[in-house]
Amino acid sequence: MYIPELDEKRLDELRLEKELRSSLQQDCFYVDYQPKIHSVTKKMIGVEALARWIHPQKGVIPPSVFIPIAEKYGLINELEERVFKKICEHIKEWSDRLEFPFRVSVNISQLHFAHKNLYQFIKDTLTEFDIDARYLELEITESVMIMDDKYVIDQFSRIKQLGIEISMDDFGTGYSSLNYINKLPIDRIKIDKSFIDEIVTDQKFRSIIKTIVTMADYLELDVIAEGVEKEEQLTFLTSIDCFKIQGYFYSPPVQKEQISSFIYKQFKIA
Ligand code: C2E
Ligand code: CA
Ligand code: CA
């Protein structure tokens, strides 16, 4: 039987959705962590938690594939709740064992962020794992602003009241208004990799990044650059006082077990 390409894609997607559902029941997920480094002290200042799916046949599947499917088929809340609990378990372990606890950031989908249960879920999970909220940070993308203003502001404020920090992820790529920066209690902006990629080749991008860092400074927001891969990018970022760095230059995402060694490691690179 002839199947047009579109149907083929749709079938693939439906197959993945089915497999994602059963993987949720069997808990086939784990979390990697990518260090965030201060480029002057070379110390690890935090980590970003990144979810991975171990597919029974296909092996590890990246979040860029399964998160959109989870969002489309109503599985995102359940998936992120599971991932969040795993992360809290790790935070508890780190904060009990290690001398220098650090902040762990967790990506939350805009759909999950909109859900009224999120606040209570986070509050209950902090209690369940007995962890201090100051070890946690949420990373939310600008797309959250397509929702109702008042609801988003309330949700941000409630979560902030727990003592959790909030970062604006992929900054500069989404929502076209900067108005939300004034309205929302954000702690930090993450300059998107697409800007960092152009540092070496494009003066205009260097100017944009410098403007973002200056704006963050005036607004008393913390700023971190993500997707930093090259020494030239790091040199430029340091020259404009952007010292917090995440990217392959220092480290790709690594397994949880490797994180404790980063705490004591002084990065010798650069
Ligand atoms: P993100 O939040 O922008 O996370 C950074 C992504 O960039 C990660 O990809 C990381 O591995 C990659 N990356 C970091 N440094 C570099 C670099 O120097 N060069 C390059 N080429 N890539 C770098 P990953 O792990 O595949 O995650 C992709 C996206 O999936 C994340 O983008 C995040 O938006 C999303 N994601 C991961 N876990 C979750 C989750 O639990 N919930 C939600 N909603 N999204 C998640
Ligand atoms: Ca992120
Ligand atoms: Ca990002």
Side-chain angles (χ1 to χ4, degrees), residues 29 31 33-36 44-51 63 67 70-71 76-171 174-175 180-190 216 219-224 226 244 246 256 259 263:
F29 297 88
V31 184
Y33 293 92
Q34 185 174 33
K36 300 175 182 179
M44 190 178 86
I45 47 172
V47 294
E48 176 172 5
L50 295 154
I67 295 287
E71 288 180 330
I76 192 69
N77 294 9
E78 187 183 346
L79 173 67
E80 289 191 336
E81 286 184 3
R82 266 173 195 274
V83 170
F84 191 84
K85 286 198 171 200
K86 281 183 205 296
I87 296 165
C88 287
E89 204 180 304
H90 300 162
I91 295 178
K92 176 68 180 155
E93 215 179 295
W94 282 324
S95 64
D96 283 352
R97 270 195 14 238
L98 302 173
E99 224 174 306
F100 312 110
F102 43 87
R103 200 174 290 120
V104 178
S105 65
V106 184
N107 292 285
I108 299 289
S109 152
Q110 88 200 47
L111 298 178
H112 192 190
F113 193 79
H115 204 268
K116 61 179 182 343
N117 288 351
L118 180 70
Y119 167 79
Q120 196 59 43
F121 167 76
I122 293 178
K123 195 164 181 268
D124 293 346
T125 310
L126 289 179
T127 310
E128 180 186 341
F129 287 89
D130 183 30
I131 58 175
D132 194 325
R134 72 196 154 99
Y135 298 139
L136 256 181
E137 171 181 334
L138 301 190
E139 295 195 7
I140 317 280
T141 58
E142 294 165 300
S143 54
V144 79
M145 294 314 298
I146 59 173
M147 291 187 283
D148 173 53
D149 258 22
K150 186 174 173 329
Y151 185 79
V152 176
I153 296 167
D154 286 353
Q155 186 80 307
F156 266 81
S157 307
R158 277 195 295 267
I159 288 172
K160 286 278 302 166
Q161 273 164 20
L162 290 173
I164 295 175
E165 297 207 335
I166 301 185
S167 289
M168 202 42 89
D169 203 358
D170 305 341
F171 182 80
Y175 199 63
Y180 70 83
I181 288 201
N182 276 330
K183 291 189 194 161
L184 299 177
I186 342 172
D187 297 284
R188 184 169 301 103
I189 53 184
K190 297 190 79 175
L219 295 171
E220 297 181 346
L221 291 171
D222 196 15
V223 64
I224 179 163
E226 63 179 345
K244 296 184 177 171
Q246 184 181 346
K256 164 188 156 264
I259 285 300
I263 301 174

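Since we're looking at a predicted model, the values are computed, not measured.
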Asn107 and Glu80: CA distance, side-chain angles, deciding distance, side chain to side chain donor-acceptor pair (under 3.5 Å) verdict:
CA-CA 8 Å; Asn107 292 285; Glu80 289 191 336; over 6 Å; no

Test log, rule side-chain contact (heavy atoms from CB on, under 4.5 Å), inputs Ile181 and Phe171
CA-CA 11 Å; Ile181 288 201; Phe171 182 80; 3.7 Å; yes

Please lay out, stage by stage, how Phe121 and Lys85 fare under the test side-chain contact (heavy atoms from CB on, under 4.5 Å).
CA-CA 10 Å; Phe121 167 76; Lys85 286 198 171 200; 3.9 Å; yes

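Taking CD of Glu81 as the reference point, atom CD1 of Ile122 lies at 9.5 Å (rounded to 0.5 Å). Atom CD1 of Ile91 is separated from atom CG of Leu98 by 12.0 Å, given to the nearest 0.5 angstrom. Atom CD1 of Ile186 sits about 8.5 Å away from atom CD1 of Ile166, to the nearest 0.5 Å. Note that the OG atom of Ser95 and the CG atom of Asp132 stand 8.0 Å from one another [nearest 0.5 Å]. A distance of 9.0 Å separates CG of Leu162 from CG of Leu138, quoted to the nearest 0.5 Å.
Nearest heavy-atom pair across Leu118 and His112 is CD1-NE2, 3.4 Å. Of all heavy-atom pairs between Ile189 and Leu221, the closest is CG2-CD1, 4.4 Å. Shortest non-hydrogen contact noted between Cys88 and Thr125 is SG-CG2, 3.9 Å.
Glu71 pairs in a side chain to side chain contact (heavy atoms under 4.5 Å, CB included) with only one of the listed residues (Ile76, Leu79, Asn77), which is Ile76.
Listed by first and then second residue, the ring pair (Phe, Tyr, Trp, His ring centres under 6.0 Å) pairs involving residues 136-160 are Phe113-Phe156 (not counting sequence neighbours). Screening residues 88-98 for salt bridge (charged side-chain N to carboxylate O under 4.0 Å, His left out), with sequence neighbours left out, gives Lys92-Asp96, Lys92-Asp130, Glu93-Arg97, Glu93-Lys256. Pairs engaging residues 155-171 under the salt bridge (charged side-chain N to carboxylate O under 4.0 Å, His left out) rule: Arg103-Glu165, Lys160-Asp187, Glu165-Arg188 [sequence neighbours left out].
Met168 has its side chain within reach of Tyr180: a pair of non-hydrogen atoms, C-beta onward, lies under 4.5 Å apart. Counting only heavy atoms from C-beta outward, the side chains of Gln246 and Lys190 approach each other to under 4.5 Å. For the pair Leu136/Phe84, a side-chain contact is recorded, criterion being any heavy-atom separation below 4.5 Å from C-beta on.
Environment of NZ in Lys86: crowded, with over 12 heavy atoms of neighbouring residues, nucleotides or ligands closer than 6.0 Å.
With sequence neighbours excluded, the residues that form a side chain to side chain contact (heavy atoms under 4.5 Å, CB included) with Ile259 are Tyr33, Pro35, Met44, Val47, Trp94, Phe102, Val254, Phe262. Lys150 is linked by a side chain to side chain donor-acceptor pair (under 3.5 Å) to Asp154, counting only residues two or more places apart in sequence or in another chain. Residues meeting the side chain to side chain contact (heavy atoms under 4.5 Å, CB included) test with Asp124, sequence neighbours left out: Gln120.
Of the possible donor and acceptor atoms, none in the side chain of Glu139 sits under 3.5 Å from a partner among the backbone N and O of Ala49.
No hydrogens or angles considered: a donor-acceptor pair under 3.5 Å links the side chains of Lys36 and Ser105.
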